[in-house]
Amino acid sequence: MGSFVLISALTSSGSHATGGRGHRPATVGEGLTPAPLANFELHSPHVDSEVQVYSFQGVAGAANATPPSDSPVVAASQFTQPIADYRAYALAQLGRMETQLGRLQAALAGGERADAESAWRGAYADYLRLGAVYLDGQTALDARVAKLNLEIDGTSGGLPGGVSNARFTGLHRIEYGLWSGSSPQALTAYAGALATNVHELAAVLPRAEITPLEYATRAHEILEDAARDFLSGMDVPWSGEGVLATDAGLQATERLIATLAPVVGTTERVMPTVTEELGHLRSVFDGLQAAHGGLLPSNSELTSEQSEQLDGTLQGALEALSQVPGVLETEAPSTVPRIPAADFVVQAR
C-alpha cells in the first residue's frame with residue numbers, strides 16, 4: 001500500500017494556522033486530489049503541526065513491496081477432520097444439556113428454586129461450550145439453526161417491551177424468572193419449549209455448514225465474545241454468571257485449538273504461545289473455583305484482585321489467539337499493483 005504524507009510545521013510568531021489553511025495537498029497522478037484518510041494536529045506554545053495521510057490502492061514505485069506472509073496457504077481440505085471432530089464434540093454438549101434440562105423441568109415443576117438455578121447453570125454452560133459452531137448462514141438450514149439459537153439463547157435486548165415481549169424465551173427468559181422472584185412453576189412452559197428447541201438443534205446441527213474461515217476465526221472470537229458479553233454482565237444481568245459463562249467459552253476454545261493443532265503444525269511458534277496462555281487462564285479459573293468453595297463465583301462475588309487477575313490473563317490469551325487465523329489462511333493474498341514512481345509525490349513544508 002503506497003501512502004502519501006503531507007507535513008507542515010508553522011512557527012507561532014503571531015496568528016496560528018490550523019487545519020491546513022494556505023496549503024494545497026499534494027497530488028498523485030494527473031488531476032487527482034484525494035481527500036485525507038486522517039488528520040493529526042499538535043499544538044504547543046511555539047509550533048503548530050499538521051499531518052495529513054493519503055492512501056492509494058497500490059505500492060509506490062520507489063518503495064519495497066509488502067513482503068509475503070511466511071505462513072503457507074492451508075488447503076481447505078485440512079479443516080475437514082477438525083470441523084468433524086468439533087461437530088461431534090458440540091453434539092455431545094447438546095446431549096449433556098438435554099440431561100440438565102430434564103433436571104430443570106423437574107425442579108421447576110416441584111417449585112425447587114435452588115435446584116432449578118443449579119440445573120439452569122449446568123444447561124447454560126453446556127450450551128456455551130458449543131462455542132465454535134457458527135450459527136449463521138445463507139441456506140434455509142442455516143437460517144433455521146440461527147433461529148433456533150435465538151430462541152435458545154436470545155436476550156431481551158432490542159425487543160419491544162424488553163422482558164415482557166413474547167419472543168423473549170429460552171435460557172435467558174428462565175434466568176430472568178428465577179433470579180427475579182417468579183414462581184418456578186410459572187417457568188415450566190418456557191423450559192419445555194427450550195428442551196424442544198435444543199432437541200431440534202441437535203437433529204439439524206450435523207448438516208449445518210461450518211466453513212474453514214469461520215472455524216479459524218472462531219478460535220479468537222469465543223473468548224472475545226466472553227469478555228464483551230459475560231464478564232461485563234451484559235448477557236447475564238440477573239444471575240451474574242459471567243465467570244461460569246467465560247469458563248465454558250474457555251473450554252470450547254481449548255477443544256477447538258486441540259483440533260487445529262495438527263493443521264497449524266510444529267513449524268509455527270503460534271501454537272506453543274496459545275497453549276501457554278490458555279494454560280495460564282485455566283489456572284486462574286481453577287484458583288477462583290478453589291477460593292469459592294468449589295464453585296465458580298458470580299461476577300459480583302469476585303474480589304477486585306480476582307477481577308483484575310482474570311481480566312489481565314484473559315487479555316493475554318486473546319492476544320495469543322489473535323495470531324491463529326493469520327496462520328490458517330486458505331487463500332493466497334492478492335498481489336497489490338505497483339504505483340509508478342513518477343506518480344508518487346511527497347511534499348513537506
Side-chain angles (χ1 to χ4, degrees), residues 69-76 78-87 89-90 93 125-137 142 145-146 149 153 205 208-236 242-285 307-333:
S69 171
D70 293 333
S71 302
V73 174
V74 179
Q78 290 188 253
F79 288 86
T80 301
Q81 191 60 51
I83 291 175
D85 291 345
Y86 199 92
R87 198 189 299 272
Y89 159 83
Q93 295 305 314
D126 284 334
Y127 191 70
L128 294 177
R129 291 189 189 102
L130 269 66
V133 177
Y134 249 76
L135 302 174
D136 297 300
D142 291 339
V145 172
N149 176 56
D153 195 30
L205 192 57
E209 182 182 15
I210 305 172
T211 69
L213 176 60
E214 290 169 339
Y215 194 65
T217 303
R218 204 65 181 134
H220 176 257
E221 288 182 343
I222 297 172
L223 285 180
E224 188 176 55
D225 292 348
R228 182 191 65 232
D229 300 334
F230 304 139
L231 291 182
S232 69
M234 183 170 64
D235 274 15
V236 283
V243 179
L244 173 80
T246 305
D247 177 71
L250 173 58
Q251 292 179 57
T253 301
E254 290 169 332
R255 180 58 183 162
L256 185 151
I257 289 298
T259 68
L260 285 176
V263 181
V264 176
T266 59
T267 58
E268 294 289 348
R269 299 175 61 92
V270 171
M271 199 56 72
T273 302
V274 168
T275 302
E276 181 180 9
E277 292 297 332
L278 291 180
H280 291 327
L281 187 55
R282 170 54 55 208
S283 295
V284 171
F285 279 105
S307 182
E308 290 173 3
Q309 182 187 32
L310 179 55
D311 288 342
T313 311
L314 178 58
Q315 291 307 313
L318 287 174
E319 184 176 350
L321 289 166
S322 67
Q323 303 175 64
V324 174
V327 298
L328 293 174
E329 295 287 350
T330 57
E331 295 182 4

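Residue pairs meeting the salt bridge (Lys or Arg N to Asp or Glu O under 4.0 Å) criterion with at least one member in residues 308-324, sequence neighbours excluded, do not occur. Contacts classified as salt bridge (Lys or Arg N to Asp or Glu O under 4.0 Å) and involving residues 252-264 (residues at least two apart or in different chains) are given here: E254-R282.
Under the salt bridge (charged side-chain N to carboxylate O under 4.0 Å, His left out) criterion, D126 pairs with R129, sequence neighbours left out. Looking at residues two or more places apart in sequence or on another chain, you find no side chain to side chain donor-acceptor pair (under 3.5 Å) involving D229. Applying the side chain to side chain contact (heavy atoms under 4.5 Å, CB included) rule to T211 yields the partners E209, L213, E214; only residues at least two apart in sequence or on another chain are considered. For T273, the side chain to side chain donor-acceptor pair (under 3.5 Å) criterion is met by no residue, not counting sequence neighbours. Under the side chain to side chain contact (heavy atoms under 4.5 Å, CB included) criterion, A75 pairs with S77, Q78, not counting sequence neighbours. For F285, there are no ring pair (Phe, Tyr, Trp, His ring centres under 6.0 Å) partners two or more places apart in sequence or in a different chain. Qualifying side chain to side chain contact (heavy atoms under 4.5 Å, CB included) partners for Q315, counting only residues two or more places apart in sequence or in other chains: L318. By the side chain to side chain contact (heavy atoms under 4.5 Å, CB included) test, E276 is found to be paired with H280, residues two or more places apart in sequence or in another chain being considered.
The CG atom of L314 lies 12.0 Å from the CD atom of Q309; values are rounded to the nearest 0.5 Å. To the nearest 0.5 angstrom, T246 atom OG1 is 11.5 Å from Q251 atom CD. Remark: L223 CG to L231 CG distance equals 9.5 Å, nearest 0.5 Å.
Looking only at distances, a side-chain donor or acceptor of Y86 sits under 3.5 Å from a matching main-chain atom of L130.
Put simply, the side chain of N149 reaches to within 4.5 Å of the side chain of Y127, judged on heavy atoms. Inter-residue side-chain proximity for L244 and F230 is flagged as unmet; no heavy-atom pair is nearer than 4.5 Å. Side chains of L328 and P212 form no contact here, defined as non-hydrogen atoms less than 4.5 Å apart. You'll find the side chain of L310 reaches within 4.5 Å of the side chain of L281, heavy atoms only. With contacts defined as side-chain heavy-atom distances shorter than 4.5 Å, the pair M271/I257 qualifies. The shortest side-chain heavy-atom distance between I222 and L321 does not fall under the 4.5 Å cut-off.
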(request) Could you walk me through whether R218 and D225 pass the side chain to side chain contact (heavy atoms under 4.5 Å, CB included) test, one step at a time? (result) CA-CA 10 Å; R218 204 65 181 134; D225 292 348; 3.0 Å; yes
(message) Using side-chain hydrogen bond (donor to acceptor under 3.5 Å, both in side chains), reason through T259 and Y89 one step at a time and then give a plain yes or no.
(response) CA-CA 11 Å; T259 68; Y89 159 83; over 6 Å; no
(message) Using side chain to side chain contact (heavy atoms under 4.5 Å, CB included), reason through I210 and F79 one step at a time and then give a plain yes or no.
(response) CA-CA 10 Å; I210 305 172; F79 288 86; over 6 Å; no
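Nearest heavy-atom pair, A248 versus A125, reported as atom, atom and distance to 0.1 Å: CB-O, 3.6 Å. Contact between A252 and G131 at its shortest, heavy atoms only, is CB-CA, 3.8 Å.
Each of V324, V274, D85 was evaluated against L260; a single residue qualifies, V324, per the side-chain contact (heavy atoms from CB on, under 4.5 Å) test.
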